[in-house]
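Convention: sequence-line order gives letters A, B, ...; per-chain numbering from 1. The basis for the numbers below is simple: all heavy atoms, side chains too, and nothing from hydrogens, waters or symmetry mates. Given the structure is predicted, the values throughout are model-derived calculations rather than measurements.
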Amino acid sequence: MAEPKQHLYLVDGSSYIFRAYHRLPPLTDPQGTPVGAVYGYTTMLWKLAADLDEADGPTHLAVILDASGVSFRNEIYDQYKANRPEPPEDLVPQFPLIRDATRAFSLPCIEVEGLEADDLIATYAREAQRQGWDVTIVSSDKDLMQLISEVDGPNGPARIDMLDTMKNQRIWLPEVEEKFGVGPELVGDVLALMGDSVDNVPGIFGIGPKTASKLIAEHGSLTAALDAAPEMKPSKLKERLIEGRGDAELSKILVTLKEDCDLPQPLEEMKLGPVPPGPLAAFLEKHGFTSLLKRLETGNGSPARKTDLNPPKADKPGANRAGDDSANRQPLPEMPRIDHAAYATVQTLDALEEWIARARAAQVVAVDTETTSLDAMQADLVGVSLALAPNDACYIPLAHGGNDMFAQKPEQVDKAAALAALKPLLEDDAVLKVFQNGKYDLNVLAREGIAVAPIEDTMVISFDLDAGRGEDGMGGGHGMDELSQRHLGHTPIAFKDVCGTGKKAISFAEVPLEDATRYAAEDADVTLRLYRVLKPRLAEEGGTRIYERVDRPLIPVVARMEREGIRVDRARLAKLSEEFAVEIGRLEGEVHAAAGQEFTVGSPKQLGEILFDKLGYKGGKKGKSGQYSTDVSVLERLAGEGAPIAKLVLEWRQLSKLKSTYTDALQAAINPDTGRVHTSYSLVGAQTGRLSSTDPNLQNIPVRTPIGRQIREAFVPEPGNVLLAADYSQIELRLAAHMADVDTLKQAFAHGEDIHARTATEMFGEVTRDTRARAKTINFAILYGISRWGLASRLEVEPDEAQAMIDTYFQRFPGIQRYIHETLESVRAKGYSETLFGRKTWFPRINSKNQAERQGSERAAINAPIQGTSADIIKRAMARMLPALAEAGLHDVRMLLQVHDELVFELPEERVEAATPIIRQVMAEAALPAVELSVPLGVDIGTGLSWDAAH
DNA sequence: ACGATCACG
DNA sequence: GACGTACGTGATCGTA
């Protein structure tokens, strides 16, 4: 048997502590020594050491530090690292503690005078790779990205990758490519051109990361780029390249890692075993890391646990871990209890200016708006609250006392003046604005002419961490009250306690200032506290990638789409409503006649009794509510068996649905100010990461039947414009083919084949209308997690026959069965599924003893990575779309709607030709560069004078 | 407030 | 031996 692969982790201790210092709160230990960064470092080592025995975890580990003093690079260039500022004074005493912490874990700690940590890491990494080991460099230093590689070793490929523990991100070839636009072997050349101000590597003045990447990618190397300079067309860039040649060559030497250092310690001595608890306990105790100490004692996720408490086990190492993660969370510095009396009401411009100044100094401020409506497109701004620290919060009333000119109004800052004062703060790049559901506030403030940025959103952070995590008894929502309850143990004042409910409800503008301040300032306070709890978890739990790269950038994009809205033709809808009403009345009469009595056709209860008791049709099945089922499958069966009433009811239902849900409701949804319909998208509505749409839902407008499609004809562009609809074609099946690595399907997609026809050929040997339809059903069944009974009922065959088809499918596409098996194993062990972009969905019931519950989770878990990856891809496309169009000068293309695999745009007719290829490209390439798919993404685009015509 | 039904991907 | 059968949503209606 081959020996298990060795995996060396090299921890770049020095760079970690700098970053930890800035990211973590300034804790001090019982002796008064600052230990915030050390605490961060300790938890990181803890996690790494506890990963021993995990797949891809370390078998060997060493910490590499910078020795103090000068390195050989200073002999080459005396200015090297010369302008680096002194480290902050409360960081200095923490440097030696890094060594103490490392020793406490009984881990090797290596530093060599005259060598930098990077050079030692490079040498050790290459040496281990030569011996066929995998290597993970724990650092985020971009210089080290030069080392990322994979070579053929004695027993298979040996790779060097990186792990950024702050962002909890693996860095591998795609990440390097994304950052530098070139492979690792050329990273040094890019760095040499761009320089590094922190290390005082000169680079070439005036060339930054973008230009450097572009030059190296174009010419293939630094030397080639420099050589090509004299031939370039006259430009600033050309001059700089020629004049800066010397600087660039020197920089290249400085950034090149020394890979042939003398090694002070052989690799074998880095072998990682269970951590002896004694020295570690002493260290934790000395510095007052009591929560870690407790975990060490209880063995909960402890690096010492493996031998001390549990004998090594061969079976699933992660079993039963599902969902227990929250208990493993880092303790946070205590926050004071919520104190409503501490909140300020800001009633003068001077006081407001002071809060704004303090917010600027704090650089992070939680913001909340109070309005008159939940609909951001109708809401009037009533006040704004700010929070700078726990209990340090205020409320700024702007429109209390209502709009009645003569009413008695409380003293408050003039609304226009206050907003003018707030605007620079809210738009300041250097001040982070934290919201709970920021999309709402963004829209309210955008309507006041304020373009808030940059923002953070605790609701979205919560979703990216905990989607699906709700269990019985504990809600899984991401609303503020729920989050506050869950993470802060605090129940905020309820809106209805301030404004009342039902008929007696008052507008927030009528709430007395004292109550308004308590409520509003508390919301900002809670938001800030939630941010402090949730934000660090992103990095710890691997949520940074999806939050920073997908969901956070999407917030302003979706907000903008909501504000754009879409025009609907009211007259057309009204006409449809009327036609439907006539037809519904006629059908109702016929149904009553067929039934021999009047009854409420819309009542499934009454209908069931008429059909099965009075008229005596057979096959009535009662559900658990004791009521006959009368859904479409039942009525269709009855209609097929010659029951005229069933067909009439089906028609009646179709038209009632269309009228009440669409033609009537859409007219009512037209915004009187804009004349357009503005849906609201939820970024946290669907567990898989999809958006959902409400008020009205524009993601379920009819399309499948001709009669329903008439409603789509009422969605229209402004005069002179057209609607453009761009759809991903079969995206989920394509992703399944990629993720399950099914060659036959991948080839079919690569050749642009009809995928259902192809499936029919594989399964039934021939393509007919019937076999293709069956194949299509089976393809979807696979995506949704199949059962013989479910498939049987859809195909109207016996379960045995359905099972035979499933077997055939798995035989023809063996990757699918393996994918399903591996996905479920992983979800059972970890508790969550993951998309290609790292989005997690939790399945707390995956190991349930209740079979139905468990099987339901299993089906959802099979589907979630596929549906979720598709959602990630279109989200990335959306975030890039308007910038890409703008870059081509297309500023008048509006992105209006998203329907899961479709984007709808409105644009002047004469822009269609220019916009189409850009939209197609952005969508088709949306996975890149983070993920390279082995199937192409097809995009179908159409245009027309209605949404229907655009398809 | 909840279940049944049906609109969408 | 019983369970309850395709994934993910939201709106509307009737009924409790």
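- Between R690(A) and dG9(B) there is no side-chain N or O to OP1 or OP2 distance below 4.0 Å.
- S693(A) comes within 4.0 angstrom of sugar-phosphate atoms only, judged by non-hydrogen atoms across all strands, and of no base.
- In this structure, R794(A) reaches the bases: a heavy-atom distance under 4.0 Å links it to at least one base atom across the strands shown.
- For R653(A) and dA4(B), the shortest distance from a side-chain N or O to OP1 or OP2 is not below 4.0 Å.
- In this model, the phosphate group of dT5(B) is approached by a side-chain N or O of T630(A) to a distance below 4.0 Å at OP1 or OP2.
- Helical stems of DNA chain C (runs of at least 3 Watson-Crick or G-U pairs, donor-acceptor distances under 3.5 Å) are listed by first residue: B:1-9 with C:7-15.
- When the nucleotides dG4(C), dT12(C), dT5(B) are ranked by their closest atom to the side chain of Q855(A), dG4(C) comes out on top.
- Checked against salt bridge (Lys or Arg N to Asp or Glu O under 4.0 Å), E579(A) has the following partners two or more places apart in sequence or in another chain: K575(A).
- The phosphate of dG10(C) (OP1 or OP2) has a side-chain N or O of S692(A) nearer than 4.0 angstrom.
- Ranking dG9(B), dT5(C), dT9(C) by closeness to the S787(A) side chain, first place goes to dT5(C).
- Taking atom CD1 of I731(A) as the reference point, atom P of dG9(B) lies 14 Å away to the nearest angstrom.
- In this structure, CE on M739(A) lies 10.5 Å from CD1 on I816(A), to the nearest 0.5 angstrom.
- Across all strands shown, N697(A) has heavy atoms under 4.0 Å from sugar-phosphate atoms exclusively, and none from any base.
- Listed by residue number, the members of residues 943-951 of chain A with any heavy atom below 4.0 angstrom from DNA chain C form an empty set.
- Of all nucleotides listed (dG4(C), dA6(C), dG8(C)), dG4(C) comes nearest to the side chain of A852(A).
- No hydrogens or angles considered: a donor-acceptor pair under 3.5 Å links the side chains of R653(A) and T630(A).
- Considering only the side chain of S603(A), dG14(C) comes nearest among dC6(B), dG14(C), dA7(B).
- Residue-level contact check: D695(A) touches the backbone only, with heavy atoms under 4.0 Å from sugar-phosphate atoms and none from bases.
- Side-chain proximity of Q687(A) to dT9(C), dC8(B), dA4(B): nearest is dT9(C).
- Nucleic acid contact class of R859(A) (heavy atoms, under 4.0 Å, all strands): sugar-phosphate only.
- Judged purely by distance below 3.5 Å, without hydrogens or angles, the side chains of Q803(A) and E798(A) never pair a donor atom with an acceptor atom.
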